[in-house]
Amino acid sequence: MELTRNHSLKNLNTFGFNVKAKQYLAVENEENLKNILKKTYADEIFVLGGGSNILLTGDLDFTVLHINLKGISVVNESQDTVIIKAKAGENWHDFVQYCIAKDYGGLENLSLIPGNVGTAPIQNIGAYGVELQDYFVECEAINRQTLETKTFTKEECNFGYRNSVFKNELKNQYIITSVTFRLTKKLHQLHLNYGSISQKLAEMNVEHPTIKEVAEAVIKIRQEKLPDPKQLGNSGSFFKNPIIDKKAFEQLTEKFPEAKYYKISENQYKIPAGWLIDHAGFKGFRKNDAGVHKRQALVLVNYGNATGKEILELANKIKSTIKETYAIDLEMEVNVI
Ligand code: EPU
């Protein structure tokens, strides 16, 4: 555990912004984590996970704690299911691949999502009809004030669409150290109906897919649509898909009958933010090095030397245009710091 000053975070945030942290420390075990929390005021600490859901708008006058706890272990297993626990610093995609290699089913649709295991519950990551909460059992977290370890059940996490208790009542109060999942060892339940998974599997000439083949299809779809942060800085979906009520939906479709939507309930409709932004003419827009991705308007990109402030300016411009054009408020999915 070594503390460095003026540490560049360029390789630690997927937008690739070259901002510096006043102090930086990577923690490899819970004991060191508790020690550092004991010595430092909570409001002087910024906790960094995989860096895939943050927009850094300037240098950080904090001690950045990089949660680097590693390890995957089977807690329990029966003939049909396995309870598996991964430490917070494990890379999410590598963990999913590990499970697939063992033929543990459930997380395959969540392949290639950037970030780490420990930050995945905070926003209840989701893709192609599956959300983290579907396979979640519990997570362990350290209280930043009392240093006590608490185990959160699924109910206590209060998961919602890209949402959990860790983004609301308990924001910045706990550091998640591990997450436990229940996965299947046989009779895997495949989720093939969302998006173009079935179509992709047909293109791959797969009739009876294994979880490995489903993961391959998901990876192909994501690679076609979403830019690889290693090549082009981004943080995946920048905005949440807004949910509007029936009245607002009727007003929208009266003006724009071509609008895309998913009906959630009698009075709730989810409108793809990507469609709104694309339809408003922003797809492929670029100012200096800050832009809207060419193939997916939901993703803002850094072409090289954009700053967080420039991306934020672009995001605000998009937000106000969407509000004026469609009377819909877009909410950012990324955390602005
Ligand atoms: N669309 C456009 N133009 C665009 C982008 C999208 O017209 O530039 C339309 C599409 O044609 C489609 C609809 O919008 O009809 C939805 O688009 P898509 O399925 O590509 O994405 P999404 O449903 O908006 C969500 C998640 C993604 C996740 C995909 C697949 C959110 C905010 N995003 O996107 O999550 O991968 O579904 O399940 O819920 C992420 O969170 O970082 C992320 C990539």
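Both ligands and their constituent atoms are indexed starting at 1 by order of listing.
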Just do the salt bridge (charged side-chain N to carboxylate O under 4.0 Å, His left out) check on Lys200 and Glu224 with the steps written out, would you? CA-CA 11 Å; Lys200 186 54 75 187; Glu224 279 162 16; 2.6 Å; yes
Within a distance under 4.0 Å of any heavy atom of Arg222, pick out the atoms of ligand 1 and give their elements. 36 (O), 44 (C)
Looking only at protein heavy atoms, which one is nearest to atom 12 (C) of ligand 1, and how far off is it? Lys260 CD, 4.4 Å
for atom 1 (N) of ligand 1, nearest protein heavy atom and its distance come out as Trp275 N, 3.7 Å
Return the residue, atom name and 0.1 Å-rounded distance of the protein heavy atom closest to atom 19 (O) of ligand 1. Lys225 NZ, 3.8 Å
State whether the shortest distance between N or O atoms of Ser235 and N or O atoms of ligand 1 falls below 3.5 angstrom. no
Give the atoms of ligand 1, by number and element, whose distance to some non-hydrogen atom of Asp278 is under 4.0 Å. 2 (C), 3 (N), 4 (C), 7 (O), 8 (O)
Which atoms from ligand 1 have a heavy atom of Lys283 less than 4.0 Å away? 3 (N), 4 (C), 8 (O)
No-hydrogen, no-angle side-chain donor-acceptor test under 3.5 Å, Tyr24 and His66: yes
Among Lys294, Lys270, Gln296, which one has a heavy atom closest to atom 5 (C) of ligand 1? Gln296
May I ask you to list the atoms of ligand 1 that are less than 4.0 angstrom from any heavy atom of Ala127? 36 (O), 38 (O)
Please tell me whether Lys34 and Thr149 have a donor and an acceptor in their side chains that are separated by less than 3.5 angstrom. yes
Is atom 10 (C) of ligand 1 touching the protein, meaning some protein heavy atom lies under 4.0 Å away? no
Just need the protein heavy atom nearest to atom 8 (O) of ligand 1, so name the residue and atom and give the distance. Ala297 N, 2.8 Å
Using a strict 4.0 Å cut-off to heavy atoms of Tyr161, name the atoms of ligand 1 that fall inside it. 31 (C), 32 (C), 39 (O)
Does atom NZ (Lys102) have a neighbourhood of more than 12 heavy atoms from anything else shown, all under 6.0 Å? no
Taking 4.0 Å as the limit for heavy-atom contacts, which would you say applies to His279 with ligand 1: side chain only, backbone only, both, or neither? neither
Aromatic rings Phe249 and Tyr261: how do their planes relate, parallel, tilted or perpendicular, breaks at 30° and 60°? perpendicular
Pair Glu333, Ser237: side-chain N/O donor-acceptor within cut-off below 3.5 Å: no
Atom NZ of Lys309 with >12 non-hydrogen neighbours under 6.0 angstrom: no
Around atom 25 (C) of ligand 1, find the nearest protein heavy atom and jot down its residue, atom name and distance. Asn241 ND2, 4.1 Å
For atom 43 (C) of ligand 1, what is the closest protein heavy atom, and at what distance to 0.1 Å? Ser237 OG, 2.9 Å
Looking at Leu298, which atoms of ligand 1 are within less than 4.0 Å of one of its heavy atoms? 24 (O), 32 (C), 33 (N), 34 (O)
So Tyr326 and Trp275, would you call those rings parallel, tilted or perpendicular, with 30° and 60° as cut-offs? tilted
Looking only at protein heavy atoms, what sits closest to atom 16 (C) of ligand 1 is Tyr262 OH, 3.2 Å
Compute both the distance and the angle, then confirm whether Lys150 meets the cation-pi test with Phe152: under 6.0 Å from the six-membered ring centre, within 45 degrees of the axis. yes
Would the number of heavy atoms belonging to other residues, nucleotides or ligands and lying under 6.0 Å from CZ of Phe285 be above 12? yes
More than 12 heavy atoms of other residues, nucleotides or ligands under 6.0 Å from CZ of Arg144: is that the case? yes
Side-chain donor-acceptor pair under 3.5 Å between Thr119 and Asn53, yes or no? no
Picking from Ile311, Leu298, Val299, Leu314, what satisfies side-chain contact (heavy atoms from CB on, under 4.5 Å) with Phe238? Ile311
Using distance alone, determine whether Arg295 and ligand 1 share an N or O pair under 3.5 Å. no
I need the atoms of ligand 1 closer than 4.0 Å to a non-hydrogen atom of Phe239, numbered in the order shown. 32 (C)
Taking atom 14 (O) of ligand 1 as the reference point, the nearest protein heavy atom with its distance: Pro272 CB, 3.3 Å
Would you say Lys240 and ligand 1 have an N/O pair spaced under 3.5 Å apart? no
Has Arg162 got any heavy atom lying under 4.0 angstrom from an atom of ligand 1? yes
Can you list the atoms of ligand 1 that are under 4.0 Å from a heavy atom of Gly236? 42 (O)
Within 45 degrees of the ring normal and closer than 6.0 Å to the centroid, is that where the cationic atom of Lys154 sits relative to Tyr135? no
Would you confirm whether any non-hydrogen atom of the protein falls under 4.0 Å from atom 29 (C) of ligand 1? no
